[in-house]
K.L.:
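Sending over a structure as structure tokens; questions will come in a sec.
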Amino acid sequence: MSFSLATWNINSVRLREPIVLKLLQEEAPDVLCLQEIKSPADKVPTQGFADLGYTHMVVRGQKGYNGVAILSKLPIRDVGDKDFASLGHARHVAAQLENGTTIHNFYVPAGGDVPEREVNEKFGQKLDYLTEMRDWFRSEKPEKSILVGDLNIAPREDDVWSHKKLLKVVSHTPIEVEHLAETQDAGGWVDVTRQDIPEGELYSWWSYRAKDWDAADKGRRLDHVWATSDISNAGHSSRVLRAARGWEKPSDHAPVFATFDL
DNA sequence: ATGACGATTGAAAATCGA
């Protein structure tokens with residue numbers, strides 16, 4: 001079988017229900033992983049999604065902050081969550097398709113402003129979150145798995161608009177990139193987006209503060225699609241739907257897509 | 001320097017995002 005998947009930091013699923021529906025109508029991924037839904041589970045608007053065929057949902061909600069959800073046209077089974085770094089936040093949930101593929105949906109902490117754990121507790125929490133992800137994957141040895149989400153790190157030089165200018169900016173500092181690489185290595189994860197699009201500038205997030213985000217194009221690739229090496233060759237057709245950043249009342253993130261033949 | 005904004009809570013201004 002073949003299924004398509006998208007990951008999107010939606011920045012409030014209730015406020016942006018109209019553009020979620022637009023994405024489902026126009027792009028029709030089989031599975032949509034959302035982050036920053038900023039809603040308790042029982043307040044997520046599900047009727048419109050169900051009307052479009054997305055009758056399955058696995059969700060971890062939280063009032064006001066964070067929150068992740070997996071919407072699916074295909075049957076999915078809730079296979080749990082982990083509270084890495086013991087933050088008490090809803091930042092991870094996993095679901096399994098009937099063919100045995102596990103999908104992890106992550107919202108890694110942003111990490112605050114200053115990239116030093118001594119002066120900024122949030123930065124330390126971000127690093128700790130990644131370290132605990134790493135240790136978990138070392139012990140779990142994931143197989144037949146896909147990991148998506150807003151990992152809040154742009155690892156490569158061509159994942160940011162200016163490598164030099166962002167070296168000391170949280171999301172692109174060497175220590176964060178190192179932590180992400182260790183996490184990726186621990187699970188044997190392959191970056192499917194960069195497997196498909198190995199060359200060139202590629203972003204999935206543009207700040208709300210830019211006067212003209214499209215013209216300035218000062219973006220970062222914070223949103224990722226990974227797969228374990230046993231199935232990474234089944235991944236293809238990766239793309240970023242940049243147009244969604246320009247939709248009515250947009251999220252500051254654009255959705256990232258991939259298709260898997262499994 | 002992108003910090004020029006936007007969402008949430010709670011009912012104004014603070015907090016968070018990255």
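Chain naming here is simple, since letters A, B, ... match the order of the sequence lines and numbering starts at 1 in each. Because the structure is a prediction, the values reported are computed rather than measured.
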K.L.:
Roughly how many Å is it from CD1 in I19(A) to P in dG6(B), rounded to a whole number?
P.N.:
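Atom-to-atom, I19(A) to dG6(B), this comes out as 14 Å.
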K.L.:
Figure out the NE2/C1' separation between H172(A) and dA1(B), and round it to whole Å.
P.N.:
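It is 16 Å, rounded to the nearest whole Å.
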K.L.:
Write down the distance separating the P atoms in dA18(B) and dG6(B), rounded off to the nearest Å.
P.N.:
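It comes out at 16 Å once rounded to the nearest Å.
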K.L.:
Would you classify K218(A) as touching base, sugar-phosphate or nothing, given that sugar-phosphate means primed atoms plus P, OP1 and OP2, and contacts are heavy atoms under 4.0 Å?
P.N.:
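K218(A): backbone/sugar contact only, no base atoms under 4.0 Å.
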K.L.:
Using atom C1' of each nucleotide, how far apart are dA4(B) and dT9(B) to the nearest Å?
P.N.:
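Nearest-Å result for dA4(B) against dT9(B) at atom C1': 25 Å.
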K.L.:
Among residues at least two apart in sequence or on other chains, which ones pass side chain to side chain donor-acceptor pair (under 3.5 Å) with R242(A)?
P.N.:
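D214(A), D217(A).
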K.L.:
Specify the separation, in whole Å, of atom CD1 of I10(A) and atom C1' of dG6(B).
P.N.:
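Checked: the CD1 to C1' distance equals 14 Å.
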K.L.:
Please tell me whether I76(A) and V148(A) are part of a single hydrophobic cluster in this structure, the criterion being side-chain heavy atoms less than 4.5 Å apart.
P.N.:
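They do share one cluster, since a chain of ILVMFWY contacts under 4.5 Å joins I76(A) to V148(A).
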K.L.:
Determine, for D158(A) against R194(A), whether the closest basic-nitrogen to carboxylate-oxygen distance falls under 4.0 angstrom.
P.N.:
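Looking at R194(A) together with D158(A), the answer is yes, because their closest N to O distance falls below 4.0 Å.
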K.L.:
What integer distance in Å separates R16(A):CZ from dT8(B):C1'?
P.N.:
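So the CZ-C1' distance, R16(A) to dT8(B), works out to 12 Å.
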K.L.:
Would you kindly give the NZ-to-C1' distance between K164(A) and dA1(B), to the nearest whole Å?
P.N.:
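From K164(A) NZ to dA1(B) C1': 16 Å.
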K.L.:
Work out how far the C1' atom of dC16(B) is from that of dG10(B), and round it to whole angstrom.
P.N.:
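One C1' to the other, the span is 16 Å.
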K.L.:
Counting primed atoms plus P, OP1 and OP2 as sugar-phosphate and everything else as base, spell out the protein contacts along nucleotides 9-18 of chain B at 4.0 Å heavy-atom distance: B, S or - for each nucleotide, 5' to 3'.
P.N.:
SS-----SBB
K.L.:
With C1' as the reference atom in both, quote the distance from dA12(B) to dA7(B) in angstrom, rounded to an integer.
P.N.:
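So the two C1' atoms sit 16 Å from each other.
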K.L.:
Give the ring-plane orientation class for H92(A) versus H104(A), where under 30° counts as parallel, over 60° as perpendicular and anything between as tilted.
P.N.:
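Ring orientation of H92(A) relative to H104(A): parallel.
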K.L.:
Measure the spacing between CG of N11(A) and NZ of K249(A) and express it to the nearest 0.5 Å.
P.N.:
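Between atom CG of N11(A) and atom NZ of K249(A) there are 9.5 Å.
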K.L.:
Under 4.0 Å between a side-chain nitrogen and a carboxylate oxygen: does that hold for R221(A) and D191(A)?
P.N.:
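Result for this pair is yes, salt bridge flagged.
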K.L.:
Rounding to the closest angstrom, what is the interatomic distance between dT15(B) and dA1(B) at atom P?
P.N.:
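Result for the P pair: 27 Å, nearest Å.
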K.L.:
Report yes if at least one side-chain N or O of S12(A) is closer than 4.0 Å to OP1 or OP2 of dT8(B); otherwise report no.
P.N.:
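For dT8(B), OP1 or OP2 has a side-chain N or O of S12(A) closer than 4.0 Å.
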K.L.:
Which atom pair, heavy atoms only, marks the closest approach of Y208(A) to D252(A)?
P.N.:
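In terms of heavy atoms, the two residues are closest at OH-N, 3.2 Å.
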K.L.:
What is the distance, rounded to the nearest whole Å, between atom NZ of K43(A) and atom P of dT8(B)?
P.N.:
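Answer to the nearest Å: 13 Å.
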